[in-house]
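Here the structure is laid out as structure tokens; the discussion comes afterwards.
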Amino acid sequence: MLKLGYANIITYYVIHFCRKLRRTNIMVKILNRVPEVTIYFWIIKILATTVGETAADFLSVTLNLGLSITSYIMSGFLLIALLNQFRLKRYVPLSYWLVVVLISIVSTLITDKLVDDFGVSLIITTIIFSCVLVAVFTFWYFSEKILAMHSINTAKREIFYWVAILLTFALGTSTGDFLAETSGLGYAQSALVFGAAIAIIVSSYFYLKMNAVLAFWLAYILTRPFGASIGDLLSQPTKNGGFGYGTVGTSMLFLCIIISLVIYLSLKPKKSGLLPIDRED
């Protein structure tokens, strides 16, 4: 009987510990300020990069606003969206993806401004953005000891996160433009090159046990020029190697898909993930 009593006590504390651990994990997910990395995440991210490329061209070239005015306007919108994102202190699909789309546009404008107005070559901008991005990751890691997506649950980490995101987009823009335009490879071929590179990273993660954080950020960087190459391929005139659908049609098409997916994710029921022992009567 005494042994049975000890067994009951041990069982009780094990169950209690499991409940506490499970609820802690659930709270971490709730407090996280960025989404989980799922197939929806990557689809919307690639679409957002395409919108960023075509929308920047539409505003600055098609509407003839120019790089400077367009940069000021979109940077203002981005600042407002970021302030709202920090105010929420949690992941809200509409707010988060609005920031991503605006960062995609602003990063394209930054690269175009450096290249077109200041005469900086795409090779130099690629080197500069790469060095600054490495510095941000280094400072972030030594400050927080972690770079994982599921750890973005404080304002400080979120600042590091958005700075890194802006730099990955700018780096991707420089790399994509250099490969597709400066080198003369073309938009379709560039998309194939970046798509193959992403496939190698995915295969390395699943089959060669590549570090998850490293695989994520490498894929994040490469999806930018991949999406931008697709955007240019669809929007640019046929004489420039594109399909000639225009910046308006391409931007609206991809933006509608993004909005549809964000609405779906916002309305999608959240699974609690509770085990039977976690549910209280």
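Pairing each heavy atom of Ser60 with each of Ala56, the nearest pair is OG-O, 2.7 Å. The two residues Thr154 and Arg33 come nearest to each other via the heavy atoms C-CZ, 3.7 Å. Contact detail for Ser71 and Leu67: the closest heavy-atom pair is OG-O, 2.5 Å. In terms of heavy-atom proximity, Thr250 sits nearest to Gly231 at CG2-O, 4.3 Å. Of all the heavy atoms in Val262 and Ile44, the pair that sits closest is CG2-CD1, 4.3 Å. Scanning all heavy atoms of the two residues, the minimum distance from Gly176 to Pro225 falls at CA-CB, 3.7 Å.
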Exercise. Could you walk me through whether Phe160 and Leu147 pass the side chain to side chain contact (heavy atoms under 4.5 Å, CB included) check?
Worked result: CA-CA 9 Å; Phe160 280 123; Leu147 300 175; over 6 Å; no
For this session: Go through Asp232 and Asp57 one step at a time and tell me if the side chain to side chain contact (heavy atoms under 4.5 Å, CB included) criterion holds.
Result: CA-CA 10 Å; Asp232 285 333; Asp57 290 342; 4.0 Å; yes
Problem set entry | Worked check of side-chain hydrogen bond (donor to acceptor under 3.5 Å, both in side chains) between Thr54 and Ser251 | CA-CA 6 Å; Thr54 56; Ser251 298; 2.6 Å; yes
For this session: Apply the test side chain to side chain contact (heavy atoms under 4.5 Å, CB included) to residues Ile105 and Phe77: give CA-CA distance (whole Å), side-chain angles for both, the deciding distance (0.1 Å), then the verdict.
Result: CA-CA 11 Å; Ile105 297 173; Phe77 285 141; over 6 Å; no
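Atom OG of Ser266 sits about 11.5 Å away from atom CH2 of Trp97, to the nearest 0.5 Å. Ile258 CD1 to Ile263 CD1: the interatomic distance, rounded to the nearest 0.5 Å, is 12.0 Å. Rounded to the nearest 0.5 Å, atoms CG (Leu114) and CD1 (Ile128) are 7.0 Å apart. Remark: Asn211 CG to Ser204 OG distance equals 12.0 Å, nearest 0.5 Å. If you take OG1 on Thr111 and CG on Asp177, they are separated by 7.5 Å, rounding to the nearest 0.5 Å. With values rounded to the nearest 0.5 angstrom, Arg224 atom CZ is found 11.0 Å from Ile103 atom CD1.
Counting non-hydrogen atoms of other residues, nucleotides and ligands closer than 6.0 Å to CZ of Phe41 gives a total above 12. Within a 6.0 Å radius of CZ in Phe137, more than 12 heavy atoms belonging to other residues, nucleotides or ligands are found. Remark: Met252 CE is loosely packed, at most 12 non-hydrogen atoms of other residues, nucleotides or ligands lying under 6.0 Å away. A 6.0 Å sphere centred on CZ of Phe86 holds more than 12 heavy atoms belonging to other residues, nucleotides or ligands.
At least one side-chain heavy atom of Met210 sits under 4.5 Å from a side-chain heavy atom of Ile201. Annotation: side chain of Tyr161 is not in contact with side chain of Leu166 (no heavy-atom distance under 4.5 Å). Using a 4.5 Å heavy-atom threshold, the side chains of Leu261 and Leu47 count as touching. Side-chain contact between Tyr205 and Phe216 is absent, with no heavy-atom pair separated by less than 4.5 Å. You'll find the side chain of Thr175 stays beyond 4.5 Å of the side chain of Ile221, heavy atoms only. Taking the side chain as every heavy atom from C-beta outward, Leu133 and Trp217 never approach each other to under 4.5 Å. Proximity of Phe139 to Val163: side-chain heavy atoms (C-beta onward) are nowhere separated by under 4.5 Å. By the 4.5 Å heavy-atom criterion applied to side chains, Thr173 and Phe129 are not counted as neighbours.
A distance-only check finds no donor-acceptor pair linking the side chain of Ser95 to the backbone of Tyr91 [under 3.5 Å]. For the pair Thr49 (side chain) and Ile46 (backbone), a donor-acceptor distance under 3.5 Å is present. Checked by atom type and distance alone, the side chain of Ser104 pairs as donor or acceptor with a backbone atom of Ala48 at under 3.5 Å. Thr50 places a side-chain N or O within 3.5 Å of a backbone atom of Gly227 that can act as its donor or acceptor partner. Side-chain atoms of Thr223 come within 3.5 Å of backbone atoms of Tyr220 as a donor-acceptor pair (strictly under, hydrogens ignored).
Linking ILVMFWY side-chain heavy atoms closer than 4.5 Å, directly or via other members, places Ile43 and Val37 in a single hydrophobic cluster. In this structure, Val51 is a member of the same hydrophobic cluster as Tyr264, with clusters built from ILVMFWY side-chain heavy atoms closer than 4.5 Å. Each of Leu171 and Phe178 belongs to its own hydrophobic cluster when Ile, Leu, Val, Met, Phe, Trp and Tyr are linked at side-chain heavy-atom distances under 4.5 angstrom. Note: the hydrophobic cluster containing Tyr40 also contains Val202 (ILVMFWY, side chain heavy atoms under 4.5 Å, direct or indirect links). Hydrophobic clustering of Ile, Leu, Val, Met, Phe, Trp and Tyr side chains at less than 4.5 Å, counting indirect connections, unites Leu214 with Val136.
Counting only N and O atoms by type, the side chains of Ser174 and Thr125 include a donor and acceptor under 3.5 Å apart.
A cation-pi geometry, defined here as NZ or CZ lying under 6.0 Å from the six-membered ring centre and within 45° of its normal, does not hold between Lys45 and Tyr96.
Screening residues 139-154 for salt bridge (charged side-chain N to carboxylate O under 4.0 Å, His left out) gives Glu144-Lys156, Glu144-Arg157 as the qualifying pairs, with residues at least two apart or on separate chains.
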